[in-house]
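Here is the structure we will look at, set down as structure tokens.
Just so it is clear, the model here is predicted, and its values are computed rather than measured.
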Amino acid sequence: MKTCILIGGIGSGKSTVSHMLLERGAKRVDLDECGHETLLDPEVISQLADTFGPEILDENGAIVRSELAARAFVTQAKTIQLNAITQPRLLKVAQAQLDRLEQEGCELAVIEISAYDGPEGTFAPLVRNSVGVIAVTSPTRVRVQRAVAKGFAEDDVRRRIARQVSDAQRALWADYVISNKGTIDQLEDQVELVWQDIAGK
């Protein structure tokens, strides 16, 4: 089974590109969804509560993601603490999903990674086995508008963007760059070109 990595910040249109790839026959492993599963792990819950305070837990002892985000994305140091706790478990969850897809006969899996930190970073094991990294870029103004339309608070979106790497850095890491600042048809054309290349590898 072949895999490719799909990266892009909040509001970039990464999910739209992912959907277009799924329409062409790919399967998806979304690390944000894997992250939700990770936050159900009792050991992870305990470590996060110790680090960010008991206020991130509801009355049943479950993580309140909005409360966690409000504390974890305040500074770069806090974000690093969050990633150090969650990402090792996240990798295990993602690999289990990839193994299952391969057993089901999947030919190409798209791995969506919002918090991508480079080819030698946390997700290096996934990158090494992939046929390429696709970066979706978009102007900050547009990204904020899209995220707010989905229900995010504007100040939260801007904090997240500030804590994430720049589109310029993502482009340097990527084998393919898809610019999502035009029409949906223009986006579709770029996705098709990337698909043709990846599918042929």
Given 3.5 Å as the limit, does a donor-acceptor pair link the side chain of [X] with the main chain of [Y], or not?
X      : Y      : value
Asn83  : Gln87  : no
Asp41  : Glu43  : yes
Ser138 : Asn180 : yes
Lys27  : Val110 : no
Arg89  : Ile85  : no
Glu154 : Val148 : no
Arg143 : Gly11  : no
Ser12  : Thr137 : no

If two hydrophobic side chains count as joined below 4.5 Å and joins carry through other members, does [X] share a cluster with [Y]?
X      : Y      : answer
Ile7   : Val136 : no
Val93  : Val29  : no
Val191 : Ile134 : yes
Leu21  : Ile184 : yes
Val131 : Leu31  : no

Where [X] and [Y] come nearest, the two heavy atoms and their spacing:
X      : Y      : value
Asp175 : Gly132 : OD2-CA, 3.2 Å
Arg128 : Pro125 : NH2-CA, 3.7 Å
Ala124 : Pro119 : CB-O, 3.4 Å
Ser130 : Cys4   : CB-CA, 4.1 Å
Leu187 : Met20  : CD2-CE, 3.8 Å

Within a strict 4.5 Å, meaning less than it, do heavy atoms of the [X] and [Y] side chains meet?
X      : Y      : value
Lys181 : Val142 : no
Leu57  : Leu48  : no
Lys78  : Thr75  : yes
Val44  : Thr86  : yes
Glu37  : Gln97  : yes
Asp50  : Gln47  : no
Lys2   : Glu107 : no
Ile5   : Phe123 : no

Go through the steps to decide whether Tyr176 and Val133 satisfy the test side-chain contact (heavy atoms from CB on, under 4.5 Å), and finish with yes or no. CA-CA 6 Å; Tyr176 308 92; Val133 175; over 6 Å; no

Hey, what's the ring geometry for Trp173 with Tyr116, parallel, tilted or perpendicular (30° and 60° as the breaks)?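 Ring orientation of Trp173 relative to Tyr116: perpendicular.
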
Could you grab the distance from atom [atom1] of [X] to atom [atom2] of [Y], nearest 0.5 Å is fine?
X      : Y      : atom1 : atom2 : result
Lys14  : Thr16  : NZ    : OG1   : 10.0 Å
Leu98  : Ile111 : CG    : CD1   : 4.5 Å
Ile45  : Ile63  : CD1   : CD1   : 5.5 Å
Leu90  : Thr122 : CG    : OG1   : 9.5 Å
Lys150 : Ile10  : NZ    : CD1   : 8.0 Å
Ile178 : Leu193 : CD1   : CG    : 9.0 Å

Going by atom types alone, do [X] and [Y] pair a side-chain donor with an acceptor below 3.5 Å?
X      : Y      : result
Gln95  : Asp99  : yes
His36  : Arg65  : yes
Gln196 : Glu192 : yes
Gln81  : Thr51  : no

Taking the basic N atoms (NZ, or NE/NH1/NH2) and the acidic carboxylate oxygens, is any pair closer than 4.0 Å for Asp155 and Arg158?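 Result for this pair is no, no salt bridge flagged.
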
Could you walk me through whether Thr3 and Met1 pass the side-chain contact (heavy atoms from CB on, under 4.5 Å) check? CA-CA 7 Å; Thr3 64; Met1 180 180 73; 4.1 Å; yes

Assess whether side-chain contact (heavy atoms from CB on, under 4.5 Å) is satisfied between Leu68 and Leu39, documenting all intermediate values. CA-CA 10 Å; Leu68 176 60; Leu39 294 182; 4.2 Å; yes

Test Arg28 against Glu112 for salt bridge (charged side-chain N to carboxylate O under 4.0 Å, His left out), laying out the working first. CA-CA 7 Å; Arg28 176 177 63 185; Glu112 286 188 44; 3.3 Å; yes

Take Phe152 and Arg160 through the test side-chain contact (heavy atoms from CB on, under 4.5 Å) and record every step on the way to the result. CA-CA 11 Å; Phe152 288 91; Arg160 290 176 184 237; 4.2 Å; yes

